[in-house]
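Residue numbering restarts at 1 for every chain, and letters A, B, ... go by the order of the sequence lines.
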Amino acid sequence: MGMPDNTPPSDFIRAIISGDVKAGKNHGRVHTRFPPEPNGYLHIGHAKSICLNFGIAGEFGGLCNLRFDDTNPAKEEVEYVESIQEDVRWLGFDWDDRLYYASDYFGKLHEYAVQLIRKGKAYVDDLSADQIREYRGTPTEPGRNSPFRDRPVEENLDLFERMRAGEFGDGSRVLRAKIDMASQNLNMRDPVIYRVLRASHHRTGGQWCIYPMYDFAHGQSDSIEGITHSICTLEFEDHRPLYNWFIEQLGIFHPRQIEFARLNLSHTVMSKRKLLQLVREGHVSGWDDPRMPTISGLRRRGYTPEAIRSFCERIGVAKRESMVDIALLEHCLREDLNKRAPRVMAVLRPIRVVIDNYPEGEVEELEAVNNPEDPAMGTRKVPFSRVLYIEQEDFMEDPPKQFYRLCPGREVRLRYAYFIKCVSVVKNQAGEVVELHCTYDPATRGGDAPDGRKVKSTLHWVSDAHSIQAQVRLYDHLFTKADPEGDKDAPDFKAFLNPKSMETVTSCRLEPSLAGAIPGSRYQFERLGYFCVDRDSAQDRLVFNRTVTLRDEWARIQKTGKEKKHG
RNA sequence: UCGGGUGUCGUCCAAUGGUAGGACAGCAGACUCUGGAUCUGCCUAUCGAGGUUCGAAUCCUUGCACCCGAGCCA
């Protein structure tokens, strides 16, 4: 999808499915689903699951449903339901008319529960939550049977009906599956399958005051939808025997569950609980803060669906837990943006340059290419005049040997314009350089010297009189540590929040072609990085988010301290 | 301690008894009107110990490490 003829992804899940298809299971039918709980925004980890489930369905000529596992009304909201649909669609996937909710099955699930009671496989328990926990035992000691475990079927039926009718208070009684309190799998020790909960559900409103537990809803929902391959994360491995038990007791269609390791990404956190915490405590501006690993945050940051999909393909799928370097995500992004983002000149931290020998009042329109990777994107005109701005960091009065940008006496090229040479500097009271005086060589118009002489570097620039102002937000990793959750000595993950994860630069100057750029559009600011127009932009005041920097050799040299002063 | 899982370059993923390979990162170089892009080269790995085999990442035994599990969360 989008990417050139890569070899089709191959992993243990596809191998299993392919084996099932060859063996004629389900008549070769493949049907998956993406089953989020609408209790938060989707993140890049969900993208992995989305690409897996929708991707597999596509490859095997099957279908993939979108189903909301909305069994806990206390935590779920329509805001989340809506954002999730938007995000899945934005990623490029389509569930057609197969949008489902576990809550669609509340009636059916209730019937299933009654069936279990009738079979003597479920009972109403009057024990409190604390008592149930106590009776459950521990991993090394078996649990004990509840004193209510052997209630007659009729009594259970009556009690369960009265639970449903609202006769009992929240938490006063639960329905439990009757399995084995001595099982070494804690999930099989008579798990609670229905609880009394007076909360308004985002879809069923006040229709129910009992709700099925996830464990009682998930497997059966898959079964109801005819899901052939129920792909989920590792922590549900221990639940599989329980799902199988329900399916077998109920005698209904049996999906095959396959577990894989969830995605961990360096320099960020991925749990919805922690992301919610960052939002609530104001460490970020919201779920879609461009620093967040959420789909909406990445979108606002300027990521493309193609880059995210390519990333999900490259990280692979396996059962071992791992942490992917965020550099891979950024690589996929640059790879995609390099091909499609129009180039443009923008000066983030301007320093004024006066071309002494350039006629006052004259303006030239110079031709610049929009994307050297794609000639079809054409060219544009950029105005040049006597007073310009270049980047502060592109000038050094007393440069080290490896700095080959502008300095006194040195000639460099202004991209698509002229060679200029710095002849003098103007300083303020504090001794800081505030203005450069240069001369230009009229013979180098367009950027090439007819006499064949070369310059070491090419700088981006804008014309003072023609440039437009903008604000730019420079983003960096949200956390300074690759694994913010992994330090046992730290109080918690927030200890590693990166104080420099966002820097706002306000007096940036852009070339005039950017006037009226629409929110969401992406550009490469030459030599700086990829930037995306933020929705905070106003008509006369553009706001850009830095999506990602370009790979930067000079920054690397500075960082590793490899340059030698004056060689 | 009990049950379930997992151990391969710095990182992620392959190799399913037959030359341990790819990607990212890193390093070095070529090229370049973006210190970008592109291209070339280099670098480093099978958790340990035994065993089976002509041959083991793969099979067996054993040890170790890590992850998950005692919600009326999902």
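Under the 6.0 Å cut-off for aromatic ring centres, A:Phe403 and A:Trp554 qualify, their centroids lying closer than that. If you look at A:Tyr112 and A:Phe246, their ring centroids are not closer than 6.0 Å.
One atom, CG of A:Asn187, and another, P of B:rC72, lie 11 Å apart when rounded to the nearest Å. Remark: P of B:rU32 and CD of A:Glu526 are 18 Å apart, rounded to the nearest angstrom. The distance between atom CD1 of A:Ile326 and atom C1' of B:rC12, rounded to the nearest whole Å, is 14 Å. Put simply, CZ on A:Arg189 is 13 Å from P on B:rC72, counting in whole angstrom units. For the pair A:Asp325 CG and B:rC13 P, the interatomic distance rounds to 13 Å; values are reported in whole Å. Atom P of nucleotide B:rG3 and atom CD1 of A:Ile179 are separated by 19 Å, given to the nearest angstrom. Separating the CD1 atom of A:Ile13 from the C1' atom of B:rA14 is a distance of 15 Å, rounded to the nearest angstrom. As rounded to whole Å, 18 Å separates atom P of B:rG4 from atom CD of A:Glu321.
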Readout for nucleotides 35-47 of chain B: B = base within 4.0 Å of protein heavy atom, S = sugar-phosphate only, - = neither; 5' to 3' it is BBS----------
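When the P atom is used for both B:rA15 and B:rC42, the distance is 25 Å, rounded to whole Å. B:rU46 sits 16 Å from B:rG10 when the C1' atoms are compared, rounded to a whole Å. For the C1' atoms, the distance linking B:rU44 with B:rU6 amounts to 23 Å, nearest Å. Between B:rC67 and B:rC60, the two P atoms lie 26 Å apart (nearest whole Å). Spacing between B:rG3 and B:rU62 at atom P, rounded to whole Å, works out to 14 Å. To the nearest whole angstrom, the two P atoms, one in B:rG17 and one in B:rC68, are 32 Å apart. The same atom, C1', is picked in B:rA45 and in B:rA70; the two are 38 Å apart, to the nearest Å. Here the separation of B:rC47 from B:rU40, taken at their C1' atoms, is 36 Å to the nearest Å.
Within the 4.5 Å cutoff, the side chain of A:Pro36 has heavy atoms near those of the A:Phe68 side chain. Contact annotation: the side chain of A:His477 never approaches that of A:Thr268 to less than 4.5 Å [non-hydrogen atoms, C-beta and beyond].
Using the six-membered ring where Trp is involved, A:Phe236 and A:His239 have ring planes that are perpendicular, over 60° apart on the 30 and 60° scheme. Ring geometry for A:Phe106 against A:Trp208 counts as perpendicular: the plane angle is over 60°, on a 0 to 90° scale with 30° as the lower cut. Ring-plane geometry between A:Tyr194 and A:Phe160 is classed as perpendicular, the angle between the planes exceeding 60 degrees on a 0 to 90 degree scale with a lower cut at 30. Using cut-offs of 30° and 60° for the angle between ring planes, the A:His201 and A:Tyr211 rings count as parallel.
With hydrogens and angles ignored, the 3.5 Å screen pairs a side-chain donor or acceptor of A:Arg176 with a backbone N or O of A:Asp190. Counting only distance, with no hydrogens or angles, the side chain of A:Arg522 and the backbone of A:Tyr303 share a donor-acceptor pair below 3.5 Å.
Within the 4.0 angstrom heavy-atom criterion, base atoms lie near A:Asp448. Using a 4.0 Å heavy-atom cutoff across all strands shown, A:Leu127 reaches at least one base atom of the nucleic acid. Note on A:His239: a base of the nucleic acid sits closer than 4.0 angstrom, heavy atoms only. Residue contacts shown for A:Thr71 are limited to sugar-phosphate atoms, with no base heavy atom under 4.0 Å away. Within 4.0 Å (heavy atoms only), A:Val317 reaches sugar-phosphate atoms of the nucleic acid but no base atom. Using a 4.0 Å heavy-atom cutoff across all strands shown, A:Ala129 reaches at least one base atom of the nucleic acid. A:Tyr416 comes within 4.0 angstrom of a base, heavy atoms only.
At B:rC73, one or more side-chain N or O atoms of A:Arg195 fall inside 4.0 Å of OP1 or OP2 (strictly under the cut-off). Residue A:Arg320 places none of its side-chain N or O atoms closer than 4.0 Å to OP1 or OP2 of B:rC12. For A:Arg556, a side-chain nitrogen or oxygen approaches OP1 or OP2 of B:rA28 to under 4.0 Å. In this model, the phosphate group of B:rC73 is not approached by any side-chain N or O of A:Arg273 to a distance below 4.0 Å at OP1 or OP2. Regarding contacts with the backbone of B:rC13, a side-chain N or O of A:Ser322 is found under 4.0 angstrom from either OP1 or OP2.
Closest-nucleotide positions on RNA chain B for A:Pro212 and A:Ala417 were compared, and the one nearer the 5' end corresponds to A:Ala417. Along RNA chain B, the nucleotide nearest to A:Gln184 and the one nearest to A:Gly171 differ in position, and the one closer to the 5' end is contacted by A:Gln184.
Put simply, the side chain of A:Asp238 and the base of B:rG3 share a donor and an acceptor less than 3.5 Å apart.
Counting only residues at least two apart or in different chains, salt bridge (Lys or Arg N to Asp or Glu O under 4.0 Å) contacts with residues 66-76 of chain A comprise A:Arg67-A:Asp69, A:Arg67-A:Asp222, A:Arg67-A:Glu225.
A:Ile315 meets the side chain to side chain contact (heavy atoms under 4.5 Å, CB included) test with A:Lys48, A:Leu263, A:Phe311, A:Val324, A:Leu328; sequence neighbours excluded. Remark: A:Arg546 engages A:Leu474, A:Phe531, A:Thr549 in a side chain to side chain contact (heavy atoms under 4.5 Å, CB included) (not counting sequence neighbours).
With its glycosidic angle more than 90° from 0, B:rG26 is assigned anti.
Contact check of residues 130-139 of chain A against RNA chain B (heavy atom, cut-off under 4.0 Å) returns A:Ile132, A:Arg133, A:Arg136, A:Gly137, A:Thr138, A:Pro139.
Under the 3.5 Å distance criterion, with hydrogens and angles disregarded, no donor-acceptor pair is assigned to the side chains of A:Asp441 and A:Tyr418. In this model, no donor atom of one side chain and acceptor atom of the other lie less than 3.5 Å apart for A:Glu37 and A:Tyr80.
Taking a pair as Watson-Crick or G-U wobble with both distances under 3.5 Å, the runs of three or more consecutive pairs in RNA chain B are B:2-7 with B:64-69, B:10-13 with B:21-24, B:26-30 with B:38-42, B:47-51 with B:59-63.
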